[in-house]
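Every chain is numbered from 1 and lettered A, B, ... according to where its sequence line falls, protein lines coming before strand lines.
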Amino acid sequence: MNDLYRASEPVTFELNGETVTRSVPAATPLLDLLREDGQCTSVRPGCRIGRCGACNVLMDGQAMPACLIMAWQLPGRRIETVEGLGGDPDFLRVRQALVEESALQCGYCTPGFALSLVSGLRERRQGNPVDLGEAIAGNLCRCTGYGGLKRAVEKHLSPCSSTSSDGGTVSKKQISGEPE
Amino acid sequence: MSSDTPGRIVTLDADAPDGGCPSPELYRRIEGRLGYPTDLFDTPGLLQGAILRSEHAHARLLRVDTSRARTMPGVRAVVTADDVPGLNRFGIVVRDQPVFCEDRVRYEGDAIAAVAADTLAQARAALAAIEVDYEPLSLVTDATTAEQQVPLHEGGNLLTQETFHRGDPEQAFAACAVVVEHDYRTPRQMHAFMETEGGIAIPDDAVGVHFRVGCQSGHRDAEQLADILALAPGQVTVEAMATGGAFGGKDELTVQPAAGILALKTGCPVMIHLDRFESCRAGMKRHPVTVRMTTGCDADGRLLAHRVEAVLDTGAYASLGPAVLENFLDHATAPLYRIGAYSVSGRLVYTNNGVCGAFRGFGGNQATFAVESQLDALARELNLCPRELRRINLRSVDEPGSRHQPVRWTAPPVEVLRQAQASPLWSPEKGSRGRWLTGTGMAMGAQGNGLGDGLPDAGGGRISLSREGRVRVEFGFSDYGQSIGEAITHSVCEVLGCQGSDVEVMLGHSRGPDSGPTSASRSSVLVHGVLNRMLPQWMEAVRRQAAELTGYPGDDLAHGPGGVFHQGRQVLSYRELAEHGRREAMVADASQDFPVAPDQDHPVGRYLQLQIATVARVRVDRLTGRVRVTDLHHITAAGRVIYPPGYLGQIEGAAVMGLGMTLTEDMPAEDGRLRRDNLDQYLIPTFHDAPAQRVDVLDGTPENDPFPVRGVGELGIEAVAPAITAAIEAATGVRIRTLPVEPGVLLTAIHAREVVS
Amino acid sequence: MQSDVTVQPEVAGRGGVRVLRPEFPREAVAMARRFGGTYIAGASWLQPVWERRQSRPSYLVALDPGWPGFRGIEQDEGGLTIGALTTLDELASHPLVHEHLPGLGTLLDQVAGPGVRRLGTVGGNLCAGGDLSALFLALDARLHLVGHHDPKGESLVVWDAADAGFDLIQSVTLPDASPWRIAVDKLGHRERFSPTRATVASVHDGDRLRLAVSGEGGPGRLSISEAALNDGHSLSGADRIHILDTELEFRGWRDPTLRLAIQRMVDYLLAEVGHVL
Ligand SMILES: Cc1cc2nc3c(=O)[nH]c(=O)nc-3n(C[C@H](O)[C@H](O)[C@H](O)COP(=O)(O)OP(=O)(O)OC[C@H]3O[C@@H](n4cnc5c(N)ncnc54)[C@H](O)[C@@H]3O)c2cc1C
Ligand code: FES
Ligand code: FES
């Protein structure tokens with residue numbers, strides 16, 4: 001009942017590790033498809049024209065704006081959102097860096113930034129010398145003025161920063177367990 | 001403080017000083033587990049609503065025919081002005097804005113009707129099927145001549161005018177050695193919060209409506225909504241949810257009236273979420289200001305006379321315009337500086353150019369831009385260093401404020417200036433020639449906390465023990481990421497000696513305590529004051545319960561981590577207390593009026609004052625006139641820092657917002673049509689536009705000061721624009737007085753100077 | 001060019017959009033003609049346009065990067081051939097590009113953002129008159145259009161996207177530019193992720209100079225200015241400025257201060273490629 005657009009064609013793709021099939025019009029943006037049933041509301045509309053990064057997802061491992069991906073383009077693709085990255089080492093590292101530097105305020109933009117950074121770290125693993133500042137050039141944040149993000153990138157996520165690659169920095173502020 | 005003691009200076013970083021845990025809230029936000037009001041798709045039976053906006057900026061409404069729309073697939077309700085159960089008006093200061101227009105539209109975003117349907121596509125399709133006949137009326141587009149145009153409201157287009165006087169300016173001007181007069185313009189800036197306006201309205205059993213929305217004042221909104229919906233105040237509940245940014249732009253009602261009416265009509269929950277196109281068109285903006293300032297000083301640079309004539313464009317409706325005008329004028333009196341005589345006046349006018357209301361800085365930063373530019377202009381005329389001119393004129397902490405009111409600073413203004421003067425940014429940048437012209441400039445700003453001018457301004461809170469045994473602290477403030485929850489937790493932990501995990505903060509519920517609006521940098525001050533009152537009461541009540549349960553004398557018991565202690569040993573955990581004690585006896589609440597100057601029957605201006613000096617370094621592209629701000633160094637004097645990452649984030653965030661207003665952000669109106677409709681046209685700064693920033697906190701507040709904590713939510717934007725334009729002048733010799741800086745104008749001036757030399 | 005059947009060309013909601021999936025390029029051309037369809041590559045240029053207008057084409061013709069020659073970059077004696085469906089991101093990170101066009105990576109950092117560059121394609125960028133147009137125009141790029149038989153392809157300078165009908169671009173060839181000097185500069189409204197105000201490219205092949213622009217005034221080679229510069233030993237500074245300004249204005253660059261900026265960018269880029277004024 002909450003679908004934003006009337007159903008029509010079934011599309012099958014992988015979402016956060018599970019195979020899903022949705023019946024929606026071919027031109028439905030992935031953004032709506034993910035939000036409509038309340039499943040992946042971390043994917044958020046800030047502009048619907050590719051200009052803010054709040055709707056980022058990882059498609060086949062790379063960050064892209066979900067408002068510009070249409071349903072018909074999805075078959076066979078692998079989509080990830082922060083809801084599905086709980087155990088991902090790159091995501092945990094990014095998460096810790098953002099927390100350490102208080103790189104967020106309202107947090108509306110944050111999952112989008114996190115995915116751009118995860119995408120950058122993954123690319124780096126494949127041997128590409130990715131500048132993480134460039135990786136978030138397509139994400140807008142209105143609250144922070146990017147100060148915390150700068151510190152997070154420079155102090156914790158640069159290739160030579162002291163952080164380990166698999167679980168984030170060990171620091172006085174590291175918290176154990178998953179706060180609920 | 002009574003003497004000019006310099007205070008302590010500390011450079012902020014994001015590390016919490018006590019090594020405390022970051023709030024779990026941060027994790028929830030990063031992992032996407034925090035539901036924002038526009039994410040609530042899992043609400044059972046949710047319908048989607050959409051609002052029909054006027055196609056004309058000014059027209060008579062001849063006919064609104066919804067008959068076809070009502071028969072469209074999926075449509076559950078179509079509502080217009082006829083369906084507003086109560087008062088078809090809202091507005092924080094003046095209720096002049098219709099929920100749905102009856103016979104006239106006054107701006108392009110004016111609401112005419114709304115639809116609820118099963119899907120958004122259906123709702124949109126139904127909107128398109130509503131037939132509206134307009135008879136266009138002549139437009140009021142130029143604020144400076146608005147008063148001579150066709151009146152948009154009864155009583156004409158002048159909404160308010162106000163003048164502040166001091167001494168005899170005419171006489172004082174006659175005595176000046178130098179007088180400078182300039183016109184300044186500031187843009188119609190958009191809040192551009194990342195979460196556009198939205199939320200849901202849920203009809204509840206008590207035939208009332210429960211709102212879960214992004215807003216800034218649950219209690220005030222609940223009052224307005226009750227009037228609109230013709231419900232008793234108790235039937236409307238507003239839950240001001242954690243929202244994706246507000247900055248003043250969610251202070252006024254947004255989608256709530258339409259969503260509430262649709263919810264009552266359909267008996268189902270209704271979500272309305274404006275998309276960015278609609279938000280740009282219909283949402284609040286910052287008041288554009290056109291101001292002429294005339295300022296004079298003697299041959300030594302002492303300010304003698306100051307005249308201000310301003311026009312603020314409030315657009316089609318008042319919203320908080322009158323309060324913005326007051327704050328603008330307050331800042332236009334140049335609160336930091338001694339000026340013998342002034343006449344500061346402003347007019348707030350209606351036009352068909354969108355609607356303007358509250359926005360971080362609240363008119364103050366627009367005034368400061370002009371005031372600080374005037375000082376630089378005088379310094380140039382006198383061939384004096386601009387810092388020296390400021391030093392000569394800055395007030396001392398013992399002097400009254402610019403409106404002759406008592407004021408409380410947290411450090412001497414000259415000390416703030418001295419720190420700014422010592423900034424490393426003044427040393428020339430290395431190796432930067434070629435196409436880049438570099439320059440450094442500075443500006444200062446003062447800002448008061450609170451609604452000001454004796455407006456009713458109280459706020460309260462409550463503290464209790466939850467069923468699960470956590471210390472529950474409730475305030476009515478909204479959370480949009482300004483770290484207010486963290487600051488409250490911090491303060492509570494400090495007093496109770498407990499851990500962050502012992503405390504739970506609940507914000508923004510209209511059924512909870514009324515704290516007043518989350519605006520005017522007032523919440524930090526009130527939180528501090530209210531906690532100071534209610535914590536001792538509450539601790540006392542808890543000790544009494546613990547004494548009953550344990551048999552130890554209450555006086556021998558103390559609060560500590562996780563519970564109550566006797567001689568260093570925990571005797572009861574909060575959980576045990578909650579289980580076995582009487583929870584209703586362990587509640588305390590308090591409220592207080594916002595601090596105003598003592599012994600004043602009619603307080604004017606603002607008592608608690610903050611200061612900032614911002615030093616900017618820029619690079620100007622000689623080829624194109626484009627400006628890059630490479631560094632911003634702020635010196636703030638705003639009382640004690642409770643939660644450093646929050647403080648830092650507020651200053652940095654506000655400064656970059658000010659940078660946007662200075663360089664790229666404007667929502668120009670042409671024939672009543674706002675010319676930018678999304679984030680590809682309205683350009684806010686990106687990561688790569690953000691400069692390196694440093695925040696130094698100067699604090700000379702005495703230990704026993706009753707108001708050691710001030711709100712810094714707006715301070716960072718105060719002096720950014722004039723600091724940047726001063727730096728541009730240092731780089732190029734060109735002073736820009738119209739914001740945003742138009743690269744073409746700068747380029748033409750640079751080019752002309754090159755041709756001459 | 002005309003479509004063979006009349007269909008309702010535009011629909012309001014996304015629900016009415018049909019996506020046609022041709023199996024091979026010629027079928028794509030036939031379908032586009034038959035249904036008045038719109039080719040869709042990365043859709044990153046098209047979708048913002050649709051959202052703004054609240055109106056979409058009734059038929060999309062999906063282009064398939066799996067078609068031979070449509071994606072990837074190859075080198076032969078004619079230069080570099082880039083498949084039209086190669087994404088901007090693939091272009092930026094390709095070793096052949098690093099080798100032959102070292103400045104392109106810096107330009108591409110300023111084209112859209114990384115997410116959009118993973119969707120947007122080279123062909124789409126040229127059709128939309130995007131940032132690549134200026135550089136590719138200055139490089140004398142040639143387009144290979146499906147169904148056109150000239151093996152050398154069609155000159156990008158001559159081809160007009162606005163009047164291309166159902167031309168389907170398979171690939172674009174850049175001449176071997178390794179010995180050439182190339183300079184490009186983009187003027188946006190902000191440091192990154194900005195629509196172009198003006199992108200200016202200047203190329204010197206050791207013998208002749210080429211200049212092109214794209215942005216607010218549209219893409220184009222500045223051939224008159226170029227000719228004047230190439231044989232203009234006697235050209236005075238004032239003449240040069242006048243010629244360039246007039247040519248830009250004629251091409252649709254209405255804002256005089258933007259023309260002034262381009263003028264100065266051009267001077268700077270000429271120095272970069274070693275053209276002595
Ligand atoms: C947020 C954002 C920022 C952007 N920033 C920039 C920028 O800075 N600079 C810039 O240049 N562009 C920018 N763009 C525009 C766009 O992303 C790029 O130009 C991109 O390269 C377009 O490619 P596409 O494959 O997405 O094109 P599409 O949108 O798929 O198509 C564009 C046009 O080309 C036609 N077309 C596409 N492929 C072919 C083909 N092979 N043969 C014939 N016709 C074809 C289509 O029919 C359509 O008319 C931006 C877009 C967005 C959303
Ligand atoms: S909503 Fe997709 S980028 Fe803004
Ligand atoms: S934290 Fe609010 S937009 Fe980034």
Side-chain angles (χ1 to χ4, degrees), chain A residues 1-6 32 35-38 40-52 54 81-83 85-86 94-95 98-111 114 133 136-151 172-173 175 178-180, chain B residues 14-16 19-22 24 26-32 34-36 38-42 45-46 48 118-122 191-196 242-245 247 273 275-276 480-483 645-646 648-649 652-657 678-680 684-688 690 692-693:
Chain A
M1 172 125 104
N2 292 335
D3 58 331
L4 292 174
Y5 295 93
R6 215 170 329 128
D32 293 335
R35 286 174 64 78
E36 63 192 9
D37 54 6
C40 299
T41 52
S42 70
V43 184
R44 305 200 173 100
C47 67
R48 295 186 156 272
I49 56 164
R51 200 49 90 163
C52 74
T81 70
V82 290
E83 281 92 346
L85 288 181
V94 166
R95 187 184 75 170
L98 297 178
V99 167
E100 289 279 333
E101 297 302 332
S102 291
L104 58 142
Q105 289 177 27
C106 80
Y108 196 78
C109 68
T110 311
I136 54 175
N139 292 83
L140 300 179
C141 172
R142 190 53 154 173
C143 299
T144 63
Y146 306 96
L149 286 154
K150 261 199 172 79
R151 289 184 285 273
K172 59 182 182 190
K173 280 199 282 175
I175 65 162
E178 269 254 313
E180 228 0 279
Chain B
D15 286 331
C21 278
L26 290 184
Y27 288 84
R28 304 212 311 137
R29 283 174 201 239
I30 299 169
E31 291 160 4
L34 181 76
Y36 293 82
T38 58
D39 287 343
L40 299 171
F41 289 94
D42 51 2
L46 185 67
Q48 293 292 332
D118 293 337
T119 70
L120 185 57
Q122 290 167 338
H191 303 76
F193 26 65
M194 292 314 295
E195 183 186 31
T196 44
T243 184
F247 318 115
H273 184 187
D275 70 14
R276 183 67 66 184
Y480 27 85
Q482 74 279 48
S483 312
L648 183 62
E652 288 176 335
V656 170
M657 209 171 233
N678 206 322
L679 299 176
D680 57 339
I684 67 172
T686 69
F687 181 84
H688 296 271
Q693 295 200 64

Looking at [X] and [Y], what are the two nearest heavy atoms and their distance?
X         : Y         : result
Gly245(B) : Cys106(A) : N-CB, 3.6 Å
Tyr36(B)  : Tyr108(A) : OH-N, 3.2 Å
Pro111(A) : Ile30(B)  : CG-O, 3.9 Å
Cys109(A) : Met194(B) : CB-CG, 4.4 Å

Contact class of [X] relative to chain A, heavy atoms under 4.5 angstrom:
X         : answer
His273(B) : side chain
Ala655(B) : neither
Ala242(B) : neither

Interface residue of largest heavy-atom contact number with chain B, from [options], under 4.5 Å:
options                                   : value
Ala137(A), Gly148(A), Ala54(A)            : Ala137(A)
Gly38(A), Ser42(A), Gly46(A)              : Gly46(A)
Gly50(A), Cys143(A), Ala103(A), Ala114(A) : Cys143(A)

Among Thr686(B), Leu40(B), Val656(B), which residue has the highest count of heavy-atom pairs closer than 4.5 Å to chain A?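 Maximum pair count with chain A is reached by Thr686(B).
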Note: vs chain A, highest number of non-hydrogen pairs under 4.5 angstrom among Thr38(B), Asp275(B), Leu34(B), Ile684(B) is Ile684(B)
Would you find a donor on one side and an acceptor on the other, under 3.5 Å apart, between the side chain of Arg48(A) and the backbone of Arg276(B)?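 Such a contact is absent between Arg48(A) side chain and Arg276(B) backbone.
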Under 3.5 Å: donor-acceptor pair, side chain of Arg95(A), backbone of Tyr27(B):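 Between the backbone of Tyr27(B) and the side chain of Arg95(A) there is no qualifying donor-acceptor contact (under 3.5 Å).
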Evaluate the side-chain proximity of [Y] to [X]: yes if any heavy-atom separation is below 4.5 Å, no if none is.
X         : Y         : answer
Pro685(B) : Arg142(A) : yes
Phe687(B) : Asn139(A) : no
Leu98(A)  : Leu26(B)  : no

Output the distance between atom [atom1] ([X]) and atom [atom2] ([Y]), rounded to the nearest 0.5 Å.
X         : Y         : atom1 : atom2 : answer
Leu140(A) : Leu679(B) : CG    : CG    : 6.0 Å
Met657(B) : Thr144(A) : CE    : OG1   : 10.5 Å
Ile136(A) : His688(B) : CD1   : NE2   : 6.5 Å
Arg29(B)  : Thr110(A) : CZ    : OG1   : 8.5 Å

For Glu652(B), enumerate each residue passing the side chain to side chain contact (heavy atoms under 4.5 Å, CB included) test, keeping only those at least two apart in sequence or located in another chain.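 Scan of Glu652(B) (side chain to side chain contact (heavy atoms under 4.5 Å, CB included), adjacent residues dropped) gives Arg151(A), Leu648(B), Gln693(B).
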What residues, two or more places apart in sequence or in another chain, satisfy side chain to side chain contact (heavy atoms under 4.5 Å, CB included) together with Thr243(B)? Pro37(B), Glu195(B), Lys250(B), Tyr480(B)
